[in-house]
Amino acid sequence: MAYDYTKLYTLFARMIKAKMGLTMIELNGNGKQPAAPFVAFDIVSPRIPITWLEDEDAFECVVSFTAYAKSKVQAMTLCDQLRDMLGKTSARDKYDAAGVVLVERTASQVRYVEETETYAYMVGFDARLRIVDVKTDDVGEITEIKTKESLNG
């Protein structure tokens, strides 16, 4: 069964809105881009096997966070706040509930590119996540267990 990546979008969008008051959008997603400041999210490497067995219940992925702002200083500040927020104990509690472990965060990088007449100020970092996707089978409720002794008995 495939992992539902909308869980990651939902997890981080809620955290960023609650703690920073910013909107998170999907990088290169459809729709109108909000006014700066905001955060863009992208899943860079969706499924990295942890072992050669490629256990389907646990894998890692790399996600990217980029703070968009009206100035370079504001973008750097928001990126640092976001990077710090994702490493706090309160964030780890949210990760636990979602079956996510933050493995590492890269250093922040300036990511803006020159546009036609102005700059889009962007500073971001990547994060490596370990995801445990616990699956349940459609077995139904077990109401009775028969042992060898009860069957022979």
Side-chain angles (χ1 to χ4, degrees), residues 1-140:
M1 182 183 283
Y3 178 71
D4 181 4
Y5 290 96
T6 58
K7 293 177 185 178
L8 290 180
Y9 284 96
T10 303
L11 170 68
F12 291 115
R14 287 181 178 164
M15 289 173 64
I16 289 168
K17 188 66 166 179
K19 297 291 184 182
M20 299 179 69
L22 297 176
T23 299
M24 186 188 88
I25 65 166
E26 177 183 4
L27 185 66
N28 300 321
N30 296 329
K32 186 178 177 185
Q33 183 172 296
F38 64 91
V39 173
F41 177 80
D42 192 26
I43 299 174
V44 180
S45 297
R47 183 175 283 271
I48 303 167
I50 296 173
T51 67
W52 62 275
L53 296 174
E54 292 198 35
D55 180 5
E56 292 182 19
D57 291 343
F59 61 95
E60 290 186 352
C61 73
V62 176
V63 298
S64 175
F65 295 94
T66 304
Y68 285 66
K70 296 178 183 181
S71 72
K72 183 177 179 180
V73 171
Q74 184 185 28
M76 289 187 295
T77 301
L78 289 173
C79 182
D80 281 352
Q81 288 172 351
L82 175 59
R83 195 173 178 285
D84 183 56
M85 179 198 74
L86 294 179
K88 294 207 179 288
T89 303
S90 59
R92 282 187 229 135
D93 293 342
K94 302 247 187 259
Y95 301 151
D96 287 345
V100 173
V101 174
L102 177 64
V103 176
E104 73 173 315
R105 293 167 292 167
T106 63
S108 298
Q109 300 172 327
V110 174
R111 295 181 172 176
Y112 61 82
V113 293
E114 187 173 354
E115 293 180 349
T116 53
E117 296 180 20
T118 184
Y119 283 91
Y121 295 101
M122 302 173 278
V123 179
F125 63 94
D126 295 342
R128 188 176 189 104
L129 307 173
R130 180 163 296 144
I131 297 173
V132 179
D133 187 25
V134 179
K135 297 173 182 69
T136 57
D137 292 329
D138 296 330
V139 177

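What you see is a predicted model; the values in this text were computed from it and never measured.
In this structure, the side chain of Tyr3 does not engage the main chain of Phe59 through any donor-acceptor pair within 3.5 Å. Asp42 places no side-chain N or O within 3.5 Å of a backbone atom of Val44 that could act as its donor or acceptor partner. Looking only at distances, a side-chain donor or acceptor of Arg92 sits under 3.5 Å from a matching main-chain atom of Gly87. With Arg83 contributing its side chain and Thr106 its backbone, the two residues share a donor-acceptor pair below 3.5 Å.
The nearest pair of heavy atoms linking Val103 to Leu129 is CG2-C, 4.1 Å. Among all heavy-atom pairs drawn from Thr23 and Phe38, the shortest one is O-CB, 3.4 Å. Looking at every heavy atom in both residues, Gln74 comes nearest to Pro37 through NE2-CG, 3.8 Å. The two residues Cys79 and Ala67 come nearest to each other via the heavy atoms N-CB, 3.9 Å. For Ala69 against Ala75, the heavy-atom pair with the smallest separation is CB-N, 3.4 Å. Residues Tyr95 and Leu86 approach most closely at OH-O, 2.7 Å, considering heavy atoms.
Separation of the Tyr121 and Tyr68 ring centroids does not fall under the 6.0 Å cut-off.
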Salt bridge (charged side-chain N to carboxylate O under 4.0 Å, His left out) assessment of Lys88 paired with Asp84: CA-CA 7 Å; Lys88 294 207 179 288; Asp84 183 56; 3.2 Å; yes
Under the side chain to side chain contact (heavy atoms under 4.5 Å, CB included) rule, what do Val110 and Lys72 come out as? Steps first, then yes or no, please. CA-CA 8 Å; Val110 174; Lys72 183 177 179 180; 4.1 Å; yes
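Proximity of Met85 to Leu82: side-chain heavy atoms (C-beta onward) are separated by under 4.5 Å at one or more points. Considering only heavy atoms from C-beta on, Arg47 stays 4.5 Å or farther from Ile131 through its side chain. Looking only at side-chain heavy atoms (C-beta outward), Glu26 and Tyr9 come within less than 4.5 Å of each other. Val101 has its side chain out of reach of Glu60: every pair of non-hydrogen atoms, C-beta onward, lies at least 4.5 Å apart. Here the side chains of Leu22 and Lys17 are not in contact, with every heavy-atom distance at 4.5 Å or above. Using a 4.5 Å cut-off on side-chain heavy atoms (C-beta onward), Leu78 and Met20 make contact. Looking at heavy atoms from C-beta onward, Ile48 lies out of side-chain contact with Cys61 at the 4.5 angstrom threshold. Residues Met76 and Ser108 are not in side-chain contact: their nearest non-hydrogen atoms beyond the backbone lie 4.5 Å or more apart.
With 3.5 Å as the limit, one finds a donor-acceptor pair spanning the side chains of Ser64 and Asp126.
The CD1 atom of Ile25 sits 5.0 Å away from atom CD of Gln33, with the distance rounded to the nearest 0.5 Å. To the nearest 0.5 angstrom, Met122 atom CE is 9.0 Å from Leu27 atom CG. Interatomic distance, Gln81 CD to Lys19 NZ, rounded to the nearest 0.5 Å: 13.0 Å.
Just one of Phe12, Phe125, Tyr5 meets the ring pair (Phe, Tyr, Trp, His ring centres under 6.0 Å) condition when paired with Phe41; it is Phe12.
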